Amino acid sequence: MDSAACMGQAIQSKFIVQWEDGRFTVESGKDAESFKKEFIEPKLNDIRQVEFDRRIQVESTKVSTSATVSDSWGLSMIKANSAYTQGIYGEGVKVAVVDAYVDVSHPQLANRIAINTGEIPNNGIDDDGNGVVDDYYGASFVSVPSSTTIPSPHGSHVAGIIAADSNYGPVKGVAPRAKIIPAQFIANDGGGSLGDAILALQYAAKRGAKIINASWGGAPCVASLRNAFKVLESQGILVIVASGNDARDIDVYPEFPASFNLSNQITVAASDFTDFMTSWSNSGFKFVHVAAPGEQILSTVPGASSMYMDGTSMAAPFVSGTAALLWSAKPTATAQQIKAAIEQSVDVTSGHEFKVKTRGRINIQKALQVLGQLVP
Ligand SMILES: [Ca+2]
Ligand SMILES: [Ca+2]
């Protein structure tokens, strides 16, 4: 138990266990000593790693008061229309929103949720045997108490940027025929735990997500989380991560999971409608890969409503939606090819290069062309 390297608040009675087959579970015990004796030692041959579960505080929500630009400035900036004119809408691609609550009854999201057809809802039984009871739409892994019962708008906002159906309201999703898998681990007050995050990531993979959107950060202790991301890498799943909103260089002051820099990971900074980096976006020439729209973004929120929000949390789902469009155009592409197509096609404008690896902001029109060359 590598507690010395971990500065976050340990949950003394919960332990993240990675098994030799790669799976993770979160187990309870009285304390570290008794957990070691009663749980770990008898199963030592099957266990790869154990660490304390920890509380994490995810990115805070930034609400914009008013919009001074077109509601769909982001889609215009990244040339999303070029995909739609070719009949590319993200059909057949599942994107997991590993985040806060997603309002699956929102009129603009209701028919965009990936239904788990093996599961019968509300009968108290895990019909499809995937370890989660009644996960007809998705699942919640929240185990930490929340200071409020009012749903956070964060998860629904992220989901709408990816796939909102504009036939039922003002929000236009980037990939309006992609399907969302809600996998909640962030409580209504923005708190969560590392173990719950890992369980949500693992669940998303099991449900068949090709893309996982991770608009959060702040993990203080990263061995288990990095291992969980490595498992996703081996499964061919692309993970899109928000760079964070602290105006920091995360090459110098790493932030996790944003700074993992794995081959299946795209970390995203936030651009504004003048196509400059926002003042608050994290950056980094090594660990942040691209910029995408992240200011005054209109998207869905609970209560059949919509709202403007700012954040790299909003920029990441622009890239998740873009990846869904690309993958629906070339279903045989690998996660690394989708990433390469997005990286190699950014717009770099002289005089305001972004402080990210590619120096640029995503462009769907060019990304589709590049992917066509990478995957003939
Ligand atoms: Ca189930
Ligand atoms: Ca059931």
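Ligands are counted one by one from 1 in listed order, and the atoms in each one are counted from 1 as well. Everything numeric in this text was worked out from a predicted model, so none of it was measured.
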Is there a donor-acceptor pair under 3.5 Å between the side chain of Glu119 and the backbone N or O of Asp134? yes
Please state whether the rings of Phe229 and Phe260 are parallel, tilted or perpendicular, taking 30° and 60° as the class boundaries. perpendicular
Report the residues that fulfil side chain to side chain donor-acceptor pair (under 3.5 Å) with Arg248, sequence neighbours left out, ordered by chain and then residue number. Glu255
N, O or S of Val132 under 3.0 Å from the Ca ion (ligand 1): yes
For Ser234, check side chain to side chain donor-acceptor pair (under 3.5 Å) against everything at least two apart and list the hits. none
For the Ca ion (ligand 2), check which protein N, O or S atoms are under 3.0 Å away and list them. Glu119 OE2, Ile120 O, Asn123 OD1, Ile125 O, Asp127 OD2, Asp134 OD1
N, O or S from Asn116 under 3.0 Å to the Ca ion (ligand 1): no
Could you check whether Arg359 makes a cation-pi contact with Phe285, meaning its NZ or CZ is under 6.0 Å from the centre of the six-membered ring and within 45° of the ring axis? yes
Side chain to side chain donor-acceptor pair (under 3.5 Å) between Asp71 and Tyr308, intermediate numbers included: CA-CA 9 Å; Asp71 283 349; Tyr308 298 94; 2.5 Å; yes
Show me the donor-acceptor pairs, under 3.5 Å and distance only, between side chains in residues 365-376 and residues at least two apart or in other chains.
unit_1: Lys366; atom_1: NZ; unit_2: Val346; atom_2: O; d: 3.3
unit_1: Lys366; atom_1: NZ; unit_2: Asp347; atom_2: OD1; d: 2.7

